[in-house]
Protein chains: 2
Amino acid sequence: MTPNKEDYLKELYKLGGLDHLVSNKQMSQVLEVAPASVSEMLNKLSQEGLLVIEPYKGSQLTPDGLRIAISLLRGHRLWEVFLIRHLGYTWSEAHEDAELLEHISPSRLTDRLDRFLNYPEYCPHGSVIPKSDGQTNEDTLMLLADLKTGDTSKIKKVLEEKKFLDYLQNQGIEIGTQFTVTSVGDYEGPFTLALEEKTIQISYKAACQIFVSEPK
Amino acid sequence: MTPNKEDYLKELYKLGGLDHLVSNKQMSQVLEVAPASVSEMLNKLSQEGLLVIEPYKGSQLTPDGLRIAISLLRGHRLWEVFLIRHLGYTWSEAHEDAELLEHISPSRLTDRLDRFLNYPEYCPHGSVIPKSDGQTNEDTLMLLADLKTGDTSKIKKVLEEKKFLDYLQNQGIEIGTQFTVTSVGDYEGPFTLALEEKTIQISYKAACQIFVSEPK
DNA sequence: CTCCTAATTTAGGTCAACCTAACTTTTATT
DNA sequence: AATAAAAGTTAGGTTGACCTAAATTAGGAG
């Protein structure tokens with residue numbers, strides 16, 4: 001299992017899990033390789049029994065592939081906790097270096113790291129950290145984009161993408177931040193949020209990448 | 001710079017530093033690749049200006065190559081400190097996983113790790129940890145194998161090799177352990193050492209892989 | 001229901017890092 | 001100094017992961 005193949009499995013999981021097939025096009029976009037390269041690599045991985053291909057339709061992880069993907073995510077998120085909690089990383093820095101470190105996550109290491117960090121439930125960006133046995137209970141969250149004016153809620157999870165993370169951190173948004181939606185622009189217009197200390201505006205696109213708890 | 005090339009530079013440094021040429025044979029042994037593969041790779045690295053080859057004689061790092069090699073060693077040793085101090089690794093486990101982690105050591109990460117660990121001077125096996133700027137003041141030590149009966153000294157550094165490390169740790173040898181040589185076998189016979197609490201015997205070969213301070 | 005477009009696959013090629021086998025240079029021995 | 005052994009290099013081949021270009025399939029629009 002090379003770092004390369006690991007990335008294919010991880011992205012396949014993130015894009016579809018066990019729910020639905022993932023197209024080669026999506027894979028080629030997130031992995032930034034040519035579609036032909038995706039076909040080729042997926043064929044190898046399917047021969048290894050890690051995923052199943054429906055030709056021209058898409059592919060999906062097998063239980064074996066799932067196990068590997070989840071352990072990568074576990075490593076990634078534990079490393080993020082370490083980098084932010086102990087080394088003073090920013091959100092986006094932590095994500096970047098965790099992308100490298102996740103490929104060095106034998107269970108001997110991740111299990112001990114987990115203990116050292118005192119078994120954190122969430123990564124700094126709000127994603128659930130799978131347990132050592134691969135178990136992972138995702139919370140049911142909603143998109144900020146689906147809130148209405150007047151709703152009050154809490155930031156629970158954000159998608160991990162460098163520029164987006166920097167943008168959020170500059171705005172002062174953190175996991176757990178409580179806010180009230182004070183206005184929602186029409187036609188995918190911006191959301192205005194009242195935080196504890198200040199009011200900020202975020203684009204509709206950003207609102208689609210932020211998960212929040214049920215509003216009250 | 002791939003992890004592969006990094007390993008060539010690191011081993012070249014460990015085998016010869018800037019002192020003397022290193023033969024391809026040595027390189028092929030420590031890297032466990034065919035001699036022909038060494039020739040090929042060293043050629044590439046010399047084209048990149050990281051080392052100089054004297055055909056049929058051996059090769060040596062340039063200042064650029066040295067810089068990379070030292071930063072790898074720095075990463076390796078800092079990771080070892082972390083693994084042992086915070087994750088409860090044994091000597092040999094720490095060495096193994098540090099071999100992987102060292103290839104993920106951008107200075108952003110190692111410098112912060114260094115600070116987190118409170119700027120340790122030595123790795124758990126007694127090697128000096130190079131500073132961020134590449135500076136490294138090696139202590140002058142002597143081999144345990146060169147001590148005479150009656151000499152009293154302290155363990156300062158041990159070579160990092162899995163089976164050897166396990167052997168030492170089982171014997172209760174640690175960096176800083178004080179001991180007195182109570183007998184030296186003839187013809188490369190074993191050394192008998194009186195530690196604080198007990199007496200142990202170690203082979204001549206082992207005595208050649210242990211560094212100690214000047215006896216008093 | 002045909003046809004066009006977008007997605008996918010196949011074919012053929014590159015590059016990095018390895019290998020074995022054959023050849024050359026160095027060195028050590030007689 | 002001649003030559004055999006050891007070390008190093010060159011040549012040619014393999015594998016993994018990528019690429020472009022060409023051929024194929026799927027699915028929606030008229």
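Naming convention: chains lettered A, B, ... in sequence-line order (proteins, then strands); numbering from 1 in each chain. These numbers come from a predicted model, not from an experiment.
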Starting at atom CE of A:Met1, determine the distance to atom C1' of D:dA17, rounded to an integer number of angstrom.
14 Å

Does A:Lys157 NZ have over 12 foreign heavy atoms under 6.0 Å away?
yes

From C:dA17, D:dA17, D:dT9, pick the nucleotide closest to the side chain of B:Lys44?
C:dA17

Per nearest nucleotide of DNA chain C, the residue lying toward the 5' end, A:Val38 or B:Lys5, is A:Val38

Let me know the distance between CD of A:Gln47 and P of D:dA17, rounded to the nearest Å.
13 Å

Which whole-number value in Å describes the distance from A:Lys57 NZ to D:dA26 C1'?
8 Å

Between C:dT9, D:dC18, D:dT9, which nucleotide has the shortest distance from any of its atoms to the side chain of A:Val33?
D:dC18

Can a donor-acceptor pair be found between the side chains of A:Ser39 and A:Asn24 at a distance below 3.5 Å?
yes

If you check the A:Ala34 side chain, which of C:dT8, C:dC19, D:dC19 turns out closest?
D:dC19

Which nucleotide in C:dA17, C:dT8, D:dA17 has an atom nearest any side-chain atom of B:Met41
C:dA17

Ring pair (Phe, Tyr, Trp, His ring centres under 6.0 Å) between A:Phe211 and A:His125: does it pass, once the steps are laid out?
CA-CA 10 Å; A:Phe211 295 85; A:His125 310 97; over 10 Å; no

Can you tell me if B:Ser37 touches the phosphate of C:dC18, counting only side-chain N or O atoms and a distance under 4.0 Å to OP1 or OP2?
no

Verify the contact: side-chain N or O of A:Asn4 to OP1 or OP2 of D:dC18, cut-off strictly under 4.0 Å; return yes or no.
yes

Scan side-chain atoms only and decide if B:His76 and B:His95 contain a donor-acceptor pair under the 3.5 Å cut-off.
yes

Round to a whole Å and report the spacing from CG of A:Leu21 to C1' of C:dA7.
14 Å

How long is the line joining CD1 of A:Ile53 and P of C:dT9, in whole Å?
7 Å

Answer yes or no: does a side-chain N or O of A:Thr2 lie under 4.0 Å from OP1 or OP2 of D:dG16?
no

Write down the distance between CG (A:Asn24) and P (C:dT10), rounded to a whole number of angstrom.
11 Å

The nucleotide from C:dT10, C:dC18, D:dC19 with an atom nearest the side chain of B:Tyr8 is C:dC18

Nearest whole Å is fine: how far is D:dG16 P from A:Asp7 CG?
18 Å

Roughly, in whole Å, what's the span from CD in B:Gln29 to P in D:dA6?
13 Å

In terms of side-chain heavy atoms of B:Ala36, which of C:dT20, C:dT26, C:dA11 is nearest?
C:dT20

Which nucleotide sits closest to the side chain of A:Glu40: D:dC19, D:dT9, C:dT9?
D:dC19

Within less than 4.0 Å of OP1 or OP2 of C:dT9, is there a side-chain N or O belonging to A:Asn43?
no

So, are B:Lys154 and B:Glu214 salt-bridged, with charged N and O less than 4.0 Å apart?
no

